[in-house]
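Read through the structure below, which is laid out as structure tokens, and then see the notes.
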2 protein chains.
Amino acid sequence: MLVQNQGKNTEALGKVLLKEKGLKQTQLRIELIKHFNSAMHAQSYTDLKQAMVKDVDKSTLYRNLATFEEVGLIHSINDHSGVTKYAKGASPNSGQSHAHFVCDSCETVYCMKGKSELKYEVPQGFTPRNVQTIIRGNCAHCESSR
Amino acid sequence: MLVQNQGKNTEALGKVLLKEKGLKQTQLRIELIKHFNSAMHAQSYTDLKQAMVKDVDKSTLYRNLATFEEVGLIHSINDHSGVTKYAKGASPNSGQSHAHFVCDSCETVYCMKGKSELKYEVPQGFTPRNVQTIIRGNCAHCESSR
DNA sequence: TTTTATAATGCAACTTAGTTGCATTTGCAA
DNA sequence: TTGCAAATGCAACTAAGTTGCATTATAAAA
């Protein structure tokens, strides 16, 4: 159920994606895309920084994350930890529901596949545009090690 | 539909609440409770700081917010702005659903009353404990002034 | 293949939210 | 009224994220 994609040639795939989006193919970007494709859960700045083979500058990494989000390659998630996390795929828009699971124990954020149905009511005059859902609890790993 | 409570004697009410929770009745705390009771939407640190009659120290305010949250007088909300916001009432727990409306235009956060029903599935091994929902769109004020 | 314009990077300095340690003050119960 | 724990105020700090600018690399044109 988790986002997962360990394709053989994710490097070539990354290059194609970058071209499609009109972005230059830099080493960092290709590596980032590859990493997002194989990541089992949402990645913080620190996760990403550590995952990159070469030492990356903070602003370069943040700027790429912003760019990737703009073009819809990734989306960002704000859980209760105060640290933004990023995962592959565009942000949910126009009524789409997108659920994230945040582990209370290890703080890991997982993207949930499959739409979660939601019924809600908003007060008069309010115009809802999209809905984000955060499910908190224990992830499979932390649950099994209790 | 919004949280709202402009009772006449919220000061006395605040004192009772503090006593109940075993907290000392300081001027700041009483004023904070009063403010949370009359607030139409979730309050950031800055909102609160400005709303207090006397100049409050940053750490004192943050510490009181943490204490209030611990005892269930308020709950905190993390939207996409990176700034934590606080509103009256305990955090949602054990399966309860609690929806917040975040205005895309003015970034104001409103607490939605009334349970929003949610159907979701989590992967094998995951144990959900509570669900938070953030609805994004335009609030009544921003919608009417477009 | 070389040139060139533009986009991306790296660095340093900055901003803003939130935290921590510690000395001083205040609420409240004995 | 006195004593003590809890609350406050201050200063210094941390950590996330941003910005300006000079340098470098990508990719398209010559």
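Here is the naming used below: chain letters follow the sequence lines, and residue numbers restart at 1 for every chain.
- B/D47 and B/S44 share a donor-acceptor pair across their side chains, judged by distance under 3.5 Å alone.
- Of the possible donor and acceptor atoms, one in the side chain of B/R29 sits under 3.5 Å from a partner among the backbone N and O of B/K24.
- Between the base of C/dT6 and the side chain of A/K24 there is a donor-acceptor pair shorter than 3.5 Å.
- Not less than 6.0 angstrom separates the ring centroid of B/H41 from the ring centroid of B/H141.
- With DNA chain C read from its 5' end, the first of the two nearest nucleotides for B/Y86 and B/K19 is the one closest to B/Y86.
- Ring centroid separation for the pair A/F126 and B/Y110 comes in under the 6.0 Å cut-off.
- DNA chain C is contacted by both B/Q27 and B/G82; B/G82 maps to the nucleotide lying nearer its 5′ end (nearest heavy atom per residue).
- Atom pair A/H80:NE2 and C/dG18:P shows a separation of 11 Å (rounding to whole Å applied).
- Looking at B/K21, its side chain does come within 3.5 Å of a backbone N or O of B/V71 through a donor-acceptor pair.
- By the 4.5 Å heavy-atom criterion applied to side chains, A/L61 and A/L32 are counted as neighbours.
- Cluster membership for A/M112 and A/V102, using ILVMFWY side-chain heavy atoms within less than 4.5 angstrom, is not shared.
- B/Y62 and B/Y45 have their aromatic ring centers within a separation under 6.0 angstrom.
- Sorted by residue number, the members of residues 61-74 of chain A with any non-hydrogen atom under 4.0 Å from DNA chain D read A/Y62, A/R63.
- For the pair A/R29 CZ and C/dT9 C1', the interatomic distance rounds to 10 Å; values are reported in whole Å.
- Only A/D57, A/S59, A/T60, listed by number, bring a heavy atom of residues 50-60 of chain A to less than 4.0 angstrom from any atom of DNA chain C.
- For B/K88 (side chain) and B/I33 (main-chain N/O), no donor-acceptor pair under 3.5 Å exists by modelled atom type.
- Note that the first and last nucleotides of DNA chain D, 5' to 3', having any atom under 4.0 angstrom from a heavy atom of chain A are D/dA16 to D/dA27.
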(request) Would you sort out whether A/D55 and A/K49 count as a side-chain contact (heavy atoms from CB on, under 4.5 Å), showing the intermediate values? (result) CA-CA 7 Å; A/D55 201 45; A/K49 164 124 184 152; 3.7 Å; yes
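- Taken together through direct or relayed side-chain contacts under 4.5 Å among Ile, Leu, Val, Met, Phe, Trp and Tyr, B/V131 and B/I134 form parts of separate hydrophobic clusters.
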